[in-house]
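Step one of this worksheet: look at the structure below.
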Amino acid sequence: MSDEKPKDNFIRDIINADLAAGKNGGRVHTRFPPEPNGYLHIGHVKSLNINFGLAADYQGLCNLRFDDTNPEKEEIEYVGSIKEDIRWLGYDWQDREYYASDYYEQLYAFAEILIGKGAAFVCDLSADEVTATRGTLTKPGQPSPYRNRSIEENLDLFRRMKAGEFSDGSKSLRAKIDMTDPNLLLRDPVMYRLRRAHHYRRGDTWCLYPTYDWAHGQCDSIEGITHSICSLEFEVHRPLYDWFLDQLGIHHPQQIEFARLYLSHTLLSKRKLLALVKEKIVDGWDDPRMPTVSALRRRGYTPSSLRRFAGLVGVAKVNSIVDLAFLESCVREELNKTAPRAMAVLRPLKVVLTNYPEGRTEELDCVNNPEDPSAGIRRVPFSRVLYIERDDFLENPPKKYFRLSPGHEVRLRYAYFITCTGVVKDPGNGEIMEVHCTYDPATRGGDSPDKRSPKSTLHWVSAEHAAPVEVHLYETLFTKRDPSELEEGEDWKANLNPRSLEIVPGAMAEPSLAAARPGDRFQFERLGYFCVDAPCSRPGAPVFNRTVTLRDSWANIIKSGKENQ
RNA sequence: UGGGGUGUCGCCAAGUGGUAAGGCAGCGGGCUUUGGACCCGCCAUUCGGGGGUUCGAAUCCUCCCGCCCCAGCCA
């Protein structure tokens with residue numbers, strides 16, 4: 001499945017203008033800069049798609065750079081998962097895998113240059129004191145009493161900071177900009193903090209670490225990035241990044257900010273997703289209910305459907321929440337064309353064909369994919385006792401119900417027409433135990449010589465041949481479209497959906513499904529798309545995750561209360 | 001509140017002074033051995049609101065309103 005041709009957007013407009021003006025010698029070089037402090041999620045796919053997409057469309061390059069400036073939150077596990085997810089999505093950074101932590105020496109040298117220019121100083125204020133003197137949105141800040149130390153003293157102190165002479169938090173390096181600037185980020189921001197923390201890549205060689213604000217722009221510059229694309233919240237940081245670059249007089253990438261993606265009925269905050277994992281509210285970063293790439297993969301989403309989604313949602317500067325339905329329509333569209341069909345009954349109801357010979361079995365031809373003739377045909381066993389979906393039988397149906405009910409005829413897909421002649425109930429609770437039907441031998445394969453055609457076709461499975469399988473059904477993780485919409489006093493977990501996972505234990509599938517392998521995708525006819533779960537399945541005992549349901553117009557009729565009109 | 005952004009259909013989103021694309025959702029119909037898929041049709045006289053400029057404005061000016069971001073030694 002090829003991706004759509006790119007739509008124009010405001011970022012492309014800027015790049016086109018830059019190219020027309022001959023900037024950067026006609027080069028386009030972007031980068032994807034994750035912090036290895038969590039797994040990638042669907043929001044990152046949008047960023048990936050923009051950065052790698054731009055590079056591809058303009059014959060440019062896109063680097064992968066881990067922005068690892070905070071040793072306390074970063075782990076090697078996350079580096080691995082991020083690389084795996086990017087590769088799986090189909091983006092290629094070739095050999096350009098970089099780490100901010102590899103630039104620590106260079107950044108340190110840059111800092112000394114700033115100190116040498118009198119543009120940075122060592123400050124002895126504590127973190128709390130810095131906060132207290134920063135001022136507020138409306139009131140200017142107070143200059144640090146250490147602001148006017150000599151260049152020599154600053155240099156000496158800074159080198160001793162690096163050498164480990166001072167305790168954590170006792171000193172910081174700050175840019176000397178303007179404590180009265182209405183943009184708080186320009187009020188002498190901290191560039192380095194003392195922190196004796198083990199870094200997952202640099203070990204214990206450093207005790208002072210650059211802040212993201214100090215590191216990011218220079219890292220982009222070092223890599224020769226032309227267009228540094230980031231999300232909206234960094235818009236107010238841009239003047240700071242520009243200031244650093246101008247002070248240093250080095251290559252100046254252009255930062256462009258876009259609105260990050262939000263998806264309805266879920267959360268895309270790494271902090272909160274981590275909390276769901278840590279508190280075991282979900283089974284891990286790849287729990288199929290999560291919005292992470294690894295979860296979506298496990299759930300059955302394809303790389304191309306995610307890329308297509310990312311391309312289709314567009315790029316703008318307005319914060320917005322995209323409907324989950326849109327993501328779902330992207331997978332459905334692809335899986336409809338590619339997923340082999342199969343029959344599985346989630347909640348079996350026994351059907352006995354009273355006029356079908358006992359002990360007889362026939363193999364019926366079933367089309368593997370009506371959208372793809374090359375997918376061919378398979379044979380599925382049929383016999384006297386079958387299972388159909390409990391939902392497909394109603395003793396007293398509403399007017400618009402076309403499925404099986406007493407006296408009515410339906411078609412069993414690729415099999416026969418059957419007519420319901422009676423039901424057997426549990427004498428105790430009145431529950432329907434089995435349905436009795438007669439079949440019409442003249443309709444073998446599902447066609448009738450007299451051209452009559454039932455209004456409904458049901459999927460089925462031969463009881464004797466059925467493979468018991470486990471099926472996992474998912475609903476949204478949160479009940480509200482915007483889970484952050486909270487009532488007074490509620491915390492962010494208030495809108496968690498208690499029914500987000502339903503394990504269906506007694507499902508019965510056509511025999512071939514017992515051999516399904518992890519990652520295999522199917523359309524269970526009339527139900528939806530399912531993918532064999534990798535962690536939960538065992539050979540011969542597949543567990544099927546429902547990726548997404550089929551569109552269901554009957555459900556709409558029920559929802560709108562029109563089933564009797 | 002000071003500063004920085006931003007408001008076009010239920011949800012995304014084109015549009016850059018010439019008379020409101022497209023997708024998703026929804027609704028009607030056709031077709032159908034998946035109430036699926038597919039096909040056809042409908043779905044903003046109006047662009048946050050008020051003034052103004054203009055032959056002509058979502059696009060320009062102006063005032064007002066809403067929403068988002070910034071007071072981490074997080075990113």
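The chains referred to below are lettered A, B, ... by the order of the sequence lines, with proteins before strands, and numbering in each begins at 1.
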Using only modelled atom types and a 3.5 angstrom limit, is any donor from either the side chain of A:R403 or the base of B:rG35 paired with an acceptor on the other?
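Counting by modelled atom types and ignoring angles, a donor-acceptor contact under 3.5 Å is found here.
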Taking everything shown except A:K455 itself, do over 12 heavy atoms lie less than 6.0 Å from its NZ?
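No, because the 6.0 Å sphere around NZ of A:K455 holds 12 heavy atoms or fewer from other groups.
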Is there a Watson-Crick or G-U wobble partner for [N] with both distances under 3.5 Å, and which nucleotide is it?
{"N": "B:rG2", "result": "B:rC70"}
{"N": "B:rG7", "result": "B:rC65"}
{"N": "B:rU46", "result": "none"}

Closest nucleotide of RNA chain B for A:E371 versus for A:V130: which of these residues is on the 5' side?
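Here A:E371 is the residue nearer the 5' end.
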First of A:I557 and A:P182 reached from the 5' end of RNA chain B, by closest nucleotide
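Looking at RNA chain B, the more 5' nearest nucleotide goes with A:P182.
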At under 4.0 Å, does any side-chain N or O of A:T69 touch on OP1 or OP2 of B:rA75?
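Answer is yes, contact under 4.0 Å.
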Using OP1 and OP2 only, check whether a side-chain N or O of A:R551 sits under 4.0 Å from B:rG35.
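No, outside the criterion.
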Is it the case that [X] and [Y] place a side-chain donor and acceptor less than 3.5 Å from each other?
{"X": "A:E362", "Y": "A:Y416", "result": "yes"}
{"X": "A:N368", "Y": "A:R378", "result": "yes"}
{"X": "A:E328", "Y": "A:Y301", "result": "no"}

For A:Y212 and B:rA75, are the ring centres under 5.5 Å apart with planes inclined under 30°?
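Not stacked by the 5.5 Å and 30° rule.
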ring centroid sep under 5.5 Å plus plane angle under 30, A:F326 with B:rG23:
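Stacking is absent between B:rG23 and A:F326, given that the ring centres and planes do not meet under 5.5 Å and under 30°.
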Where the side chain of [X] is defined as all heavy atoms beyond and including C-beta, which of [options] is the nearest nucleotide?
{"X": "A:R193", "options": "B:rA13, B:rC74, B:rC70", "result": "B:rC74"}
{"X": "A:D13", "options": "B:rU16, B:rU34, B:rA14", "result": "B:rU16"}
{"X": "A:W554", "options": "B:rC70, B:rG28, B:rG35", "result": "B:rG35"}
{"X": "A:V236", "options": "B:rG36, B:rC70, B:rA25", "result": "B:rC70"}
{"X": "A:H237", "options": "B:rA75, B:rU34, B:rG7", "result": "B:rA75"}

Using a cut-off of 4.0 Å on non-hydrogen atoms, how would the nucleic acid contact of A:P239 be classed: base, sugar-phosphate, or nothing?
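Counting heavy atoms under 4.0 Å across all strands, no contact is made by A:P239.
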Which way is the base of B:rG66 turned, syn or anti, if we draw the line at 90° from 0?
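Base orientation: anti.
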Within a strict 4.5 Å, meaning less than it, do heavy atoms of the A:R193 and A:T211 side chains meet?
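Yes, close enough: below the 4.5 Å cut-off.
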